[in-house]
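Each ligand, and each atom within it, is numbered from 1 in the order the structure gives.
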Amino acid sequence: MNLSSSTPEKIIDCAGRLLDLSYPRIMGVLNVTPDSFSDGGDFIAPEKAIARAREMVEEGAAIIDVGGESTRPGAPPVSLEDELQRVIPVIEALHAAVSVPISIDTRKPEVMQAAVAAGAGLINDVNALQEPGAVEMAASLEVPVCLMHMQGIPETMQDTPTYNDVVDEVTAFLQARADVCMQHGISKERILLDPGFGFGKTTTHNLLLLQQLQRLVESGFPVLVGLSRKSLIGKVLELPVDKRLYPGVALAVLAVWKGAALVRCHDVQATREAIEMCQAVRDVR
Ligand code: 8Y7
């Protein structure tokens with residue numbers, strides 16, 4: 001059930017597949033790193049990844065985010081060759097297997113190009129297209145982009161995150177990156193912003209960003225959030241990663257209440273039901 005939404009219709013064209021953001025939607029996480037879908041060895045079994053993606057679409061995911069580079073705190077960098085070998089076969093198979101848009105989680109322009117050629121329709125860059133050539137590549141590929149804020153680099157970002165005003169700084173950074181994208185010909189309608197929960201932020205920084213998420217929403221760009229299973233839940237509740245479902249759903253609801261348009265998560269069914277219920281209350285007239 002989609003009760004009438006107070007927001008105007010917002011439909012984003014992801015290389016021919018539509019993402020309707022006129023009500024809050026789910027981005028399902030599909031990690032294709034060897035620890036997630038390998039068959040014991042060091043390579044990915046695409047069939048397993050496809051089965052998981054199909055399941056997420058049945059549970060109501062509006063877009064599937066494919067990533068082959070771990071950006072968890074302390075994670076080592078992945079070579080271009082390894083990243084391509086992980087994600088491209090999966091995107092090709094996924095493009096045929098599901099009808100929802102596919103997003104590519106990468107920082108590398110070469111991966112963006114190959115992924116879009118293989119069927120991806122949105123670029124999700126935790127580095128906000130700051131890699132040399134990334135903005136130009138994204139503009140030439142003519143797909144929407146999600147710009148995420150990160151302080152530092154994954155290897156060291158959680159060592160000493162420092163801000164004067166985290167909400168101001170994150171919002172100003174994302175607005176500046178959006179301006180750069182628009183100067184390069186990426187239209188406003190194709191830009192999403194993400195505060196980057198957990199990326200160079202203390203627990204207090206993360207909580208403040210969610211408490212004041214409306215300040216980013218007021219920028220006018222659709223806001224994406226990723227809070228699912230993240231360590232801020234572990235810090236507040238002292239729970240291991242496999243016990244973070246209920247608080248993760250609560251955080252998704254709070255983000256949607258504050259105006260988030262897209263929620264990136266692992267637990268699709270539970271999160272989708274919760275945010276649709278939240279939207280029904282938020283938008284009833
Ligand atoms: C996010 C993300 C990750 C996020 C966006 C994890 C790739 C860490 N987190 N992309 N990626 N936003 N846009 O725990 O919060 O999933 S990886």
Side-chain angles (χ1 to χ4, degrees), residues 12 14 19 21 25-33 35-36 52 56 61-78 83 86-87 101-108 111-112 115 120 122-131 134 138 143-155 157-158 161 170 173-174 177-178 191-201 203 205-207 209-210 213 216 221-235 239-242 244-245 247-248 251-252 254-256 260-268 271:
I12 299 185
C14 300
L19 178 61
L21 295 182
R25 306 305 295 270
I26 298 288
M27 170 184 273
V29 178
L30 190 68
N31 281 322
V32 290
T33 47
D35 44 307
S36 37
R52 175 65 193 131
M56 289 194 287
I63 180 167
I64 301 295
D65 189 39
V66 178
E69 178 201 39
S70 179
T71 42
R72 290 185 181 288
V78 175
E83 200 180 329
R86 289 175 189 177
V87 298
I102 299 160
S103 92
I104 174 66
D105 151 23
T106 190
R107 295 181 280 181
K108 299 184 181 75
V111 177
M112 295 170 190
L122 185 146
I123 294 166
N124 174 30
D125 185 357
V126 300
N127 197 32
L129 301 174
Q130 292 179 101
E131 197 83 5
V143 294
V145 297
C146 178
L147 307 173
M148 199 198 78
H149 175 273
M150 167 166 60
Q151 185 179 86
I153 54 170
E155 290 88 315
M157 66 189 177
Q158 288 308 108
V170 167
F173 169 85
L174 291 172
R177 294 305 301 159
I191 300 173
L192 294 88
L193 303 182
D194 184 334
F197 290 103
F199 286 83
K201 281 129 191 146
T203 302
H205 295 143
N206 288 314
L207 295 174
L209 281 167
L210 183 54
L213 193 71
L216 188 56
F221 296 97
V223 169
L224 189 157
V225 296
L227 290 152
S228 180
R229 301 182 183 175
K230 283 197 174 166
S231 69
L232 79 138
I233 301 171
K235 293 272 167 53
L239 288 172
V241 69
D242 61 330
R244 296 177 187 169
L245 171 60
L251 295 178
L254 290 169
V256 166
L262 198 51
V263 175
R264 182 180 180 277
C265 72
H266 304 82
D267 304 288
V268 173
T271 312

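- Distance check: M150 CE to T71 OG1 gives 7.5 Å after rounding to the nearest 0.5 Å.
- In terms of protein heavy-atom proximity, atom 12 (N) of ligand 1 is nearest to D194 OD2, 2.6 Å.
- The residue from N124, I123, D125 that alone fulfils the side-chain contact (heavy atoms from CB on, under 4.5 Å) condition with I104 is I123.
- Looking at atom 10 (N) of ligand 1, its nearest protein heavy atom turns out to be N124 ND2, 3.2 Å.
- With sequence neighbours left out, F173 forms a ring pair (Phe, Tyr, Trp, His ring centres under 6.0 Å) with H149.
- Side chain of K201 to backbone of P195: a donor-acceptor contact under 3.5 angstrom is found.
- Counting heavy atoms closer than 4.0 Å to ligand 1, residue R264 contributes side-chain atoms (C-beta onward) but none from N, CA, C or O.
- The ligand atoms of ligand 1 that sit less than 4.0 angstrom from a heavy atom of F199 are 1 (C), 3 (C), 9 (N), 17 (S).
- In the vicinity of G226, heavy-atom distances shorter than 4.0 Å reach the ligand 1 atoms 15 (O).
- Near L224, meaning under 4.0 Å from any of its heavy atoms, are these atoms of ligand 1: 13 (N).
- With N206 contributing its side chain and G198 its backbone, the two residues share a donor-acceptor pair below 3.5 Å.
- Short contacts between ligand 1 and D105, defined as distances under 4.0 Å to a heavy atom of the residue, involve ligand atoms 7 (C).
- By the 4.0 Å heavy-atom criterion, T71 is counted among the residues contacting ligand 1.
- Every residue was checked against the salt bridge (charged side-chain N to carboxylate O under 4.0 Å, His left out) condition with R177, not counting sequence neighbours, and none meets it.
- Among K230, H266, M148, M27, the residue whose heavy atom lies closest to atom 9 (N) of ligand 1 is K230.
- Taking all atoms of both residues into account, the shortest heavy-atom contact from G196 to M148 is CA-CG, 3.4 Å.
- Within ligand 1, the atoms closer than 4.0 Å to a non-hydrogen atom of V126 are 2 (C), 7 (C), 10 (N), 11 (N), numbered from 1 in the order shown.
- A donor-acceptor pair is defined here as one N or O able to donate and one able to accept, closer than 3.5 Å; such a pair exists between the side chain of Q158 and the backbone of G200.
- In terms of polar-atom proximity, defined here as any N/O pair under 3.5 Å, D65 makes no such contact with ligand 1.
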